[in-house]
Undergrad: 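Submitted below is the structure of interest, expressed as C-alpha cells.
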Amino acid sequence: MRAYWKPLAPVLAAIVIALIPAPAGLAQHAWYYFAIFVGVIVGLMLEPLPGAAIGLIAVTLVAVLDEWVFFSPEQLAKPGFNPGNASLAWALSGFANSTVWLIFGAFMFALGYEKTGLGRRIALLLVRAMGRKTLTLGYAVMMADALLAPFTPSNTARSGGTIFPVIRNLPPLYDSKPNDPSARRIGSYIMWTAIASTCVTSSMFLTALAPNLLAAELIRKTVQVDLNWMQWFLAFAPVGIVLLLAVPLLAYILYPPEVKEGNEVPAWAAEELQKMGPPSRNELVLAVLVLIALALWIFGDKHVNATTAAMLVISIMLITGVVTWDDMLANKQAWNTLAWFATLIALADGLSRTGFVKWFADTMSTHMSGFSPLTAAIILVLIFFFTHYMFASVTAHATAMLPVMLSVGTTIPGMHMPSYALMLALTLGIMGILTPYGTGPSPVYFGSGYLPAGDYWRLGAIFGVIYIVVFLLIGVPLLL
C-alpha cells in the first residue's frame, strides 16, 4: 500500500486544489498553477521520485498545459503571441541561471576535497590537536566543519560525507557503542555537536548550503535585492561566531558525556595521519585554488562574477589534474542538483509570473496591518523558521515559502526589504536543527545509533529555540 500511496499523494493534492474554486481576486489559471505547485511541494516532501525528476515533470506539465495554467486570457489574445515557445523558454530558464551553475561549481570543490583527502586531513589534524578532552574534541569537530563550510555547498557532503566518517571511529575507542546504553559515554555528545555545528555553519556562508544560493536567486527575482558572499557572511557572522563558540559547550551541559578526557582519540588521529603521509601535490594545489576562489568571491565580485570565478577555479582543477572530467561526470549529486535547482527556480518564478504571489501577499498584508515593520518582520521570520517542522528539505522550504514571505513583506509600509530578505534567508541553515529530517545530514546522525529519537526531538527543539533567539537578539538589530 505504501508504494502506491507516495506517488499518488502529489497528484491527488494537485487535483483537490484544482477542483476548489479560485479564491476571490485570483485568476483561474493562477489557481491551477498553484495546484501543480502544491503537488510539487508534496512530492518534494514525500519523494516518491528524486526531487530533480519531480521538478522536470512539473515544468514539462506546465509547458504542455500552458494555455490553461500559465497564461492569462489577455496574454493569449496578444497578436503573434506563441504560448508554446514562451512556456518552453520559461521551463528552460533555470538552466541559464548563473546561481544554478555556482551551486554546481561549489559541488565540484567538494569533490576535490573528497578525492584529494584534504577534507579528511583537516578534520584529523584538529582532532589530533584538540581531542584529549571531550569538550575540546567537540570544538575540534565544530572547527573542522567551519573550515570546510565556505567551499562545500552540500552540508550532507561536508558533514555526512567528510566529518561523520572520521568521528564515527572515535566512540568505540572509549567503548561507546551505538544503540546501547554506552552510547552516552561519548558518542552521543560527539554526534549531536557535529549536527548542531553544521546547521550553524550552513547559515554562516552563502556557499555553505545549496538552498542559500537558491534563496539568493529567489530574493533577486522576487524583490530585486542582490546578495553577495561578503554581505551574507558579515550579516550572519556576529550570530554565527557566538553560536559556534557556544554549541560544543551547550551540548556538553545539556547532553553531557560520561567520559570527560582521555588519550585514545588524539593517538588514533595521529595514526591515521601517519597512514595518509605528507600532503600530496593535489592537496596543496586544491588548498591554493580554494583560497583563490574565496578571495575572488570576497574582493573580486565587482570585476568577476562569482559563478565565473568558480568556473575558473574548476577549469584550473581540471588542467592540473586535481579532478578529471570523468570524476566530474561521475558526480551524480552535482548533476542532480543542477537539474533540481534549475527546475525549482523556474517553478518558483512561475508563482510570480501568474500573479499568485502578488495576490497572496495582498491577502496576507490585511492581517499584518497595525504592526510596525520590525514587529511584522520578527513575526514573519518566526513563522518562516518554525514551519520547517513541516518540511523534510530546506530546498523545498525555500522554494515554497520564501517568495510568499518576501511578497508579504513588500506590502508592509516602511519595511526595509534588503534587511528583511536577509533575515529570512539567514535562517535556512539553523532551522535544520529542528528535526531528524530537517536538513541533509540529519538522517545520517539520527541513524548513527547514538541519538535516540526522543533525545533528538528534545534537543532539536531546545537548540532551535536557542538559535532563533540568538539570531533575533544579535543578528536582527545589526541588520536594521
Side-chain angles (χ1 to χ4, degrees), residues 102-131 137 139-170 194 197-198 201-202 204-210 229 244 265-266 268-298 309-334 337 440-441 444:
L102 177 59
I103 296 170
F104 175 82
F107 267 93
M108 293 305 159
F109 287 6
L111 173 65
Y113 271 111
E114 179 183 351
K115 186 180 179 186
T116 64
L118 180 61
R120 176 177 171 81
R121 184 180 297 277
I122 291 172
L124 287 171
L125 284 169
L126 287 169
V127 167
R128 184 183 67 178
M130 303 175 65
L137 176 60
Y139 278 96
V141 172
M142 176 273 290
M143 290 174 63
D145 195 289
L147 287 170
L148 298 175
F151 320 104
T152 317
S154 167
N155 60 4
T156 306
R158 178 174 73 252
S159 190
T162 300
I163 303 297
F164 178 75
V166 173
I167 65 174
R168 71 180 176 185
N169 294 286
L170 305 181
S197 297
T198 204
T201 60
S202 293
M204 196 159 184
F205 306 100
L206 177 62
T207 47
L209 184 69
W229 194 95
L244 287 177
V265 168
W268 170 82
E271 182 180 343
E272 292 297 306
L273 283 167
Q274 188 173 11
K275 291 178 184 177
M276 290 186 72
S280 67
R281 171 255 187 195
N282 282 350
E283 285 182 80
L284 296 175
V285 171
L286 179 62
V288 172
L289 290 178
V290 295
L291 289 176
I292 291 173
L294 185 58
L296 289 173
W297 288 340
I298 296 174
M311 293 303 177
L312 172 64
V313 171
I314 291 170
S315 298
I316 299 174
M317 288 168 64
L318 285 167
I319 293 170
T320 56
V322 170
V323 296
T324 66
W325 184 245
D326 285 340
D327 293 330
M328 291 180 62
L329 289 176
N331 192 343
K332 294 181 179 179
Q333 188 179 19
T337 302
V444 175

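As the structure is a computational prediction, the values presented were derived from the model and not from experiment. Only this structure's heavy atoms are used, side chains among them; waters, hydrogens and symmetry mates stay out.
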Undergrad: About how many Å separate CE of M143 and CG of L125, when rounded to the nearest 0.5 Å?
TA: 11.0 Å
Undergrad: Taking the side chain as every heavy atom from C-beta outward, state whether I163 and T198 have any atom pair closer than 4.5 Å.
TA: no
Undergrad: Between CG of N282 and OG1 of T320, what distance do you get to the nearest 0.5 Å?
TA: 6.5 Å
Undergrad: What pair of heavy atoms forms the shortest contact from A293 to V313, and how long is it?
TA: CB-CG2, 3.8 Å
Undergrad: Hey, does the side chain of T207 reach the backbone of F151 with a donor-acceptor pair shorter than 3.5 angstrom?
TA: no
Undergrad: For a quick test of reading the model, state the closest non-hydrogen atom pair linking A194 to S159 and the distance between them.
TA: O-OG, 4.2 Å
Undergrad: What's the shortest heavy-atom distance between L244 and M204, and which atoms?
TA: CD1-SD, 3.8 Å
Undergrad: Might you point out which heavy atoms bring A208 and S202 nearest each other, and give the distance in Å?
TA: CB-CA, 4.0 Å
Undergrad: With side chains defined as the heavy atoms from C-beta onward, is the minimum distance between R158 and T201 less than 4.5 Å?
TA: yes
Undergrad: Atom OG of S197 and atom CG of D145: how far apart are they, to the nearest 0.5 Å?
TA: 6.5 Å
Undergrad: Indicate the atoms forming the closest heavy-atom contact of M130 with A140, along with that distance.
TA: CB-CB, 3.8 Å
Undergrad: Between CZ of R121 and CG of L273, what distance do you get to the nearest 0.5 Å?
TA: 6.5 Å
Undergrad: What closest approach, in Å, do G440 and N155 show between heavy atoms, and which atom pair accounts for it?
TA: N-OD1, 4.0 Å
Undergrad: Quick one: does N331's side chain have a donor or acceptor within less than 3.5 Å of a partner on M328's backbone?
TA: no
Undergrad: Do E272 and V127 make a side-chain contact, defined as non-hydrogen atoms from C-beta onward lying under 4.5 Å apart?
TA: no
Undergrad: Once rounded to the nearest 0.5 Å, what's the spacing between atom CD1 of I167 and atom CG of L137?
TA: 8.5 Å
Undergrad: Sub-3.5 Å donor-acceptor pair from the side chain of S315 to the main-chain atoms of M311, do we have one?
TA: yes
Undergrad: So, applying side chain to side chain contact (heavy atoms under 4.5 Å, CB included) with L286, which one of K115, R281, M317 is it?
TA: M317
Undergrad: Report yes if some heavy atom in the side chain of M108 is under 4.5 Å from a heavy atom in the side chain of V323; otherwise report no.
TA: no
Undergrad: Quick one: are F164 and V141 in side-chain contact, heavy atoms under 4.5 Å?
TA: no
Undergrad: Less than 4.5 Å apart, side chain to side chain, heavy atoms only: is that true for I292 and I316?
TA: no
Undergrad: Could you measure the distance from the CG atom of L124 to the CD atom of E271? Nearest 0.5 Å is fine.
TA: 11.0 Å
